[in-house]
Amino acid sequence: MRYVIFVMMLCLSALASPTPALAAEETVILMLGDSLTEGTGVAPEQAYPALVEAQLRREGYRVRVINAGIGGSTTATAPARLRWHLRARPKPRILLLALGANDGMRGLPLAQSRKHLAATLDLARQHQLQIVLAGMQIPPNFGKAYTAEFKAMYPALAKAYKLPLIPFLLDGVAAQPALNISDGIHPNPAGHKILARNVLPYLRPLLKKP
Amino acid sequence: MPLWLRLAFKECLHHRSFSFFFALNLALGLFGLVAIDTFKTAIQADLSLRSRAILTADLSVSGIRPLSEAEQQQLQQTLQQALPTGAQLQQTTERTLYSMVRSETASRLVDLQAVEDHFPLYGELELQQQGLVNGQSAKRLNTAPEVWVYPEVLAQLGLKLGDSLQIGEQSFVIADVVQKDVGTSGIGFRLAPRVYLGQRWLEATDLIQPGSRLSYYQLYRLPADIAVASVAEALREKMVDNRDLRIRTHTEASEDLLRSLNNLNDYLGLVALVALFLASIGATYLFRSFLFQRSREIAVLLSLGLSPRAIWALYLAQLLILGTFAALLALVFARLLLPVLPWLLGDFVPPALDLRLNLRLFALAVLLGLGGSLFFCLPLLRYLNNLRPAVLFRENAQPTLRFGWRGLPAYLPALLLYGGLAVWQSRSWWIGSLLTLAFVLAGSLLALGAYGLLKACERLLSGGGLALRLAIRSLARQPVASVSAFIAIGLAVLLLTLIPQLRNGLLAELDYTSTQAPALFLFDIQDDQPEALKSFLQKQQAPLQTLYPMVRMQLTHIKGQKLSRQNPADASRMTREQRRQASLQDRRHNISSRQDLLPSEQLMAGRPFSGTYDWAREAPAELSLSQDLAEELKVKVGDRLDFDLQGVAVAGEVANLRKVRWTNFEPNFRILIQPGVIDDAPKTWIGTVAALPDDRKIALQQALVQAFPTLSIIDVSHLIVQVLRILGQIATILQGMSLIVLLAGFAVLYAIASYQAHERVPEVALLKVLGSPFGLIRRVVMLEFALLSTLAAGSGALAGLATASAINVWVFDSSPWVWEPLLPLGLVLGCVLLGVMVGLISTSRVLATPPQRLLGG
């Protein structure tokens with residue numbers, strides 16, 4: 001009973017959320033990520049999920065993007081976070097999975113990361129979500145073997161699950177001082193515009209114009 | 001030698017007991033200041049050494065890219081210009097990066113520190129084989145492919161000393177194991193254990209390629225007498241366009257906690273001022289008493305033709321002689337006692353404590369000795385003008401000095417002297433002025449209290465026995481003397497109550513922190529891990545101390561108002577204040593949930609949570625906000641806050657405001673949400689593990705990382721040990737100061753009582769002449785002193801307790817307060833006893849003297 005009421009409340013709260021218009025007809029895109037998605041160092045409105053939503057709406061798509069980025073999060077959090085969003089109504093129809101960079105930066109065993117990502121993809125599949133996987137890379141200073149293994153994890157998963165893969169989310173932004181805030185890791189507003197451009201081509205094919 | 005100077009020396013020598021007591025009293029106050037100044041300087045040096053060791057330099061210029069040739073040149077030029085000609089500048093460079101290193105069987109993440117020959121410029125490393133190393137110690141790392149590693153590297157990769165470690169494309173020999181890293185009291189556990197290697201060999205690893213993430217450091221050791229902050233400022237001005245470079249001084253690099261300890265250290269000087277202030281009041285009373293007794297002799301000198309100017313010069317010279325003597329006495333005390341103090345203070349003495357007396361301290365003592373005696377006693381000399389020598393020729397009359405309120409403005413220079421000293425000691429205009437104002441306010445309140453209480457006594461006790469009536473009338477007849485004695489006694493007892501309470505507050509804080517403070521913070525505990533983690537830690541005999549859920553929520557609306565767009569600036573370029581401001585504006589909050597308040601929290605407004613959230617009611621969830629956040633967001637109990645919890649809107653209503661003590665290292669949250677709301681939300685947990693011995697702690701961390709690879713661990717025990725040590729030093733110094741203040745306070749009380757007794761001589765004599773029984777006279781004197789001391793000391797003790805409570809709330813953040821009711825009670829009792837005793841002794845002398853001598857014979 002409590003679960004039913006909880007789901008009802010989530011539905012109500014989703015209706016009462018800041019972008020309520022035509023909620024029933026909107027396609028909800030869930031962007032599950034880390035600080036790159038959350039937009040560390042920039043305003044939420046400048047982070048790429050908000051830019052993608054704005055651009056798709058300008059193009060006539062009825063979409064709502066949920067920025068489910070949490071700074072510092074690893075792949076271990078992904079299944080539980082996805083479960084939470086799957087309870088909301090309208091249910092997300094598209095999942096952009098952009099996690100793993102923190103696993104790499106912390107030198108976590110990649111078998112574990114692969115397992116967590118796979119569990120998330122399985123869960124998304126069970127709920128008939130369309131999935132886009134965002135590829136990540138870590139800098140060469142982590143050593144050839146580890147960086148290569150990390151980089152290869154994403155194409156392998158995309159192949160196994162037959163998913164569209166953004167080869168590298170930070171393509172054109174990583175290691176470019178002009179496009180990052182001074183920590184050199186997180187994109188600045190200009191960097192986020194490029195991230196949005198990297199993501200958009202993979203989302204458009206999954207959407208229909210009304 | 002002029003006559004007045006000869007007379008001044010004679011006065012000092014002839015009234016040895018006055019001279020000695022005056023100087024001793026002032027010397028006590030000066031000794032307090034000298035002792036505290038020495039300890040303050042020692043603690044400051046200790047903290048400064050620590051902060052230098054944390055940065056391993058005075059100044060660092062760092063960035064995530066190497067400096068260009070032009071930048072290097074500009075940097076060198078600016079530094080050379082900022083330094084005096086010929087000054088030596090030591091420098092070294094360092095590069096740090098994270099990398100995966102390998103043994104034959106495993107790999108793991110390490111924090112690589114590539115250093116040059118001169119590493120570290122400050123501080124030292126303790127290595128298993130080589131012992132303590134500094135200065136040229138890293139030379140070996142640059143000649144051979146060798147590394148020094150943290151012990152975890154060996155344990156986790158299954159390696160031992162002498163084995164090889166593969167870093168990138170280069171193999172290194174493990175030459176030593178770091179047991180104590182530079183800038184810490186051990187080896188702090190961080191994201192990854194450290195591996196030290198030579199800069200030369202970093203290239204051979206082939207890890208530095210386009211896109212590699214490294215931090216580049218230019219580290220400088222400046223000559224000892226150079227103000228590092230101004231050099232840093234000059235650099236910042238010159239390199240204003242190179243915004244991605246970070247210029248930091250060692251104080252900026254040290255933790256906020258060390259900085260606040262330094263601030264606390266600044267306030268220690270204020271305690272010393274209290275002792276000096278008391279001693280000055282004592283000196284004023286002693287001198288006043290002395291002048292009063294010398295009235296007749298002064299009148300005789302005047303009538304014999306000595307000019308008033310020469311009389312002034314005489315007593316001025318006497319004050320200068322006594323002031324200098326007091327300063328010398330204080331320095332002798334310091335010379336004799338300071339070397340014994342480390343032995344008394346035991347562990348709490350900083351290792352770098354330098355207790356030698358220097359010229360600065362000598363000058364300070366002499367200046368303050370002279371200043372204290374002159375500024376406080378000089379205003380009394382103006383009363384010499386009121387002395388009429390003609391009275392000498394009147395029958396049954398005695399030329400006496402009468403002190404009145406109109407002399408009060410003459411104490412303004414003394415007040416300014418203390419104000420200046422308070423600003424100098426606290427290194428803050430604001431604190432110094434506040435303290436001076438507090439003194440003036442306390443004095444004024446005590447004056448008002450004295451006046452009111454005397455009036456009330458006159459009215460209420462007028463129906464009492466003869467002795468009581470006489471005692472009250474005697475007090476009321478001389479309001480200036482009574483009220484000024486009341487203020488002096490009141491202030492002395494106020495300060496005597498306050499200082500030990502401050503010490504207790506600090507000790508209570510210390511005790512609470514040392515018993516409650518955790519050793520390890522555990523982050524990123526996944527939602528399905530708490531049970532497994534609990535049982536794992538139970539088995540390891542290191543149970544979780546606390547465990548709280550944590551969700552990240554974004555504040556969207558305050559009181560129904562949608563939050564406007566804010567552009568967070570780049571945090572790494574901000575000053576601390578700007579960072580704080582930016583974090584306040586950040587709408588993302590880490591929020592936890594629990595029903596009860598912690599011992600370190602206090603409910604300030606509203607009510608506790610009503611229990612688990614009732615989903616059926618569809619009402620907003622109850623929120624508990626820390627008071628500081630509520631102030632920043634301008635919300636109160638009953639206001640509505642809306643959040644976005646991972647794409648889901650959550651409505652909340654402020655149910656209560658909490659005061660949180662953030663100083664005790666317990667994890668806490670600025671926003672708590674009613675239990676039951678976030679149960680199903682995606683969350684992580686944060687936990688703490690209580691203090692453990694170092695070897696067990698390292699083993700536990702390794703076991704935790706193995707069993708829960710996604711867990712993040714931060715070892716805060718070293719930081720806590722440092723903080724506890726310095727707080728301990730400060731508490732011990734306060735303890736010593738309490739003793740000095742107590743001695744100075746009782747000296748003041750004695751001075752006041754003896755002065756009051758002298759002032760009462762004509763009255764006592766009159767009563768005696770009028771034939772009052774000696775018993776009645778004794779009772780009158782006893783009651784008079786008892787009444788004055790009780791009222792004044794009682795008011796002072798109450799004011800002291802009130803001030804201590806206020807300080808507890810504002811300074812110690814309402815720490816568990818240890819009241820010592822016995823201390824103020826004992827002080828009041830001691831004060832009354834001392835007053836009555838001194839009064840009775842003086843009276844006995846008067847009673848034994850023939851009335852003719854007393855009444856002008």
Side-chain angles (χ1 to χ4, degrees), chain A residues 2-3 5-6 9-10 12-18 28 30 38 41-46 66-68 70-77 80-85 87-88 92 103 105-109 112 116 137 139-147 174-175 177 181-185 188-189, chain B residues 64-65 97-102 107-110 112 167-169 191-192 205-214 243-244 246 523-524 526-528 552 554 556-557 562 565-568 570-573 587-588 615-616 618 644-651 680-684 709-710 712:
Chain A
R2 203 187 105 178
Y3 178 73
I5 299 169
F6 174 68
M9 169 137 177
L10 289 186
L12 284 170
S13 59
L15 285 172
S17 68
V28 177
L30 178 68
E38 187 182 37
V42 301
E45 295 80 359
Q46 292 169 320
I66 296 175
N67 183 338
I70 298 183
S73 61
T74 57
T75 53
T77 61
R81 283 161 66 191
L82 179 59
R83 261 194 293 279
W84 167 259
H85 289 284
R87 289 174 185 176
D103 298 48
M105 301 288 244
R106 284 169 53 181
L108 296 179
Q112 290 268 352
H116 295 139
Q137 288 177 23
N141 52 284
F142 283 85
K144 266 184 193 159
Y146 191 73
T147 45
I181 64 171
S182 66
D183 67 4
I185 303 175
N188 61 18
Chain B
I64 52 168
R65 61 171 178 80
L97 61 152
Y98 284 103
S99 189
M100 296 297 282
V101 296
R102 300 190 306 279
S107 67
R108 77 146 295 156
L109 185 75
V110 297
L112 288 179
I167 305 177
E169 303 304 307
L191 180 60
T205 61
D206 207 22
L207 292 173
I208 305 171
Q209 290 178 15
S212 287
R213 275 193 55 76
L214 283 86
R243 291 179 65 91
D244 56 340
R246 193 170 187 201
F523 295 99
D524 292 333
Q526 300 305 316
D527 215 2
D528 55 355
R552 195 138 163 96
Q554 189 175 318
T556 55
H557 296 69
K562 191 176 180 197
R565 176 184 163 133
Q566 286 158 353
N567 282 327
D570 192 343
S572 54
R573 288 202 193 114
R587 291 179 254 160
R588 298 155 194 155
W615 290 98
E618 291 182 18
D644 173 14
L645 171 52
Q646 293 289 295
V648 173
V650 174
D680 295 306
K683 58 185 174 297
T684 56
T710 56
S712 300

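Treat the numbers as computed from the prediction; the structure is a model and nothing was measured. Order of the sequence lines fixes the chain letters, A, B, ..., with proteins taken first and strands second; residue numbering starts at 1 for each chain.
For chain B, the option among A/D103, A/T75, A/I185 with the highest count of heavy-atom pairs below 4.5 Å is A/I185. Chosen from A/A175, A/G184, A/A80, the residue pairing most often with chain B at heavy-atom distances under 4.5 Å is A/G184.
Atom CZ of B/R102 sits about 13.0 Å away from atom OH of A/Y146, to the nearest 0.5 Å.
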>> Under the criterion side chain to side chain contact (heavy atoms under 4.5 Å, CB included), I'd like the reasoning laid out for B/Q554 against A/N67: C-alpha separation, chi angles, the key distance, then a yes or no.
In response: CA-CA 11 Å; B/Q554 189 175 318; A/N67 183 338; over 6 Å; no

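Neither the backbone nor the side chain of A/L82 comes within less than 4.5 Å of any heavy atom of chain B. Residue B/L645 touches chain A through both its backbone and its side chain, counting heavy-atom pairs closer than 4.5 Å. Residue contact with chain B, scored on non-hydrogen atoms closer than 4.5 Å, is absent for A/Q137. Heavy atoms of A/A174 lying under 4.5 Å from chain B are absent altogether. Proximity to chain A is limited to the side chain of B/I64, based on heavy atoms less than 4.5 angstrom apart.
Heavy-atom minimum distance, A/R81 versus B/P682: CG-CB, 3.1 Å. Residues B/R213 and A/N141 come closest through the heavy atom pair N-OD1, 2.6 Å.
Residues satisfying the side chain to side chain contact (heavy atoms under 4.5 Å, CB included) test with B/Q526, not counting sequence neighbours, are A/T74, A/A76, A/T77, B/D524, B/D528, B/Q529, B/T684, B/T710. Every residue two or more places apart in sequence or in another chain that forms a side chain to side chain contact (heavy atoms under 4.5 Å, CB included) with A/P140 is listed here: B/Q209, B/S212.
A side chain to side chain contact (heavy atoms under 4.5 Å, CB included) with A/F142 is found for one member of B/L109, B/L97, B/L207 and no other, namely B/L109.
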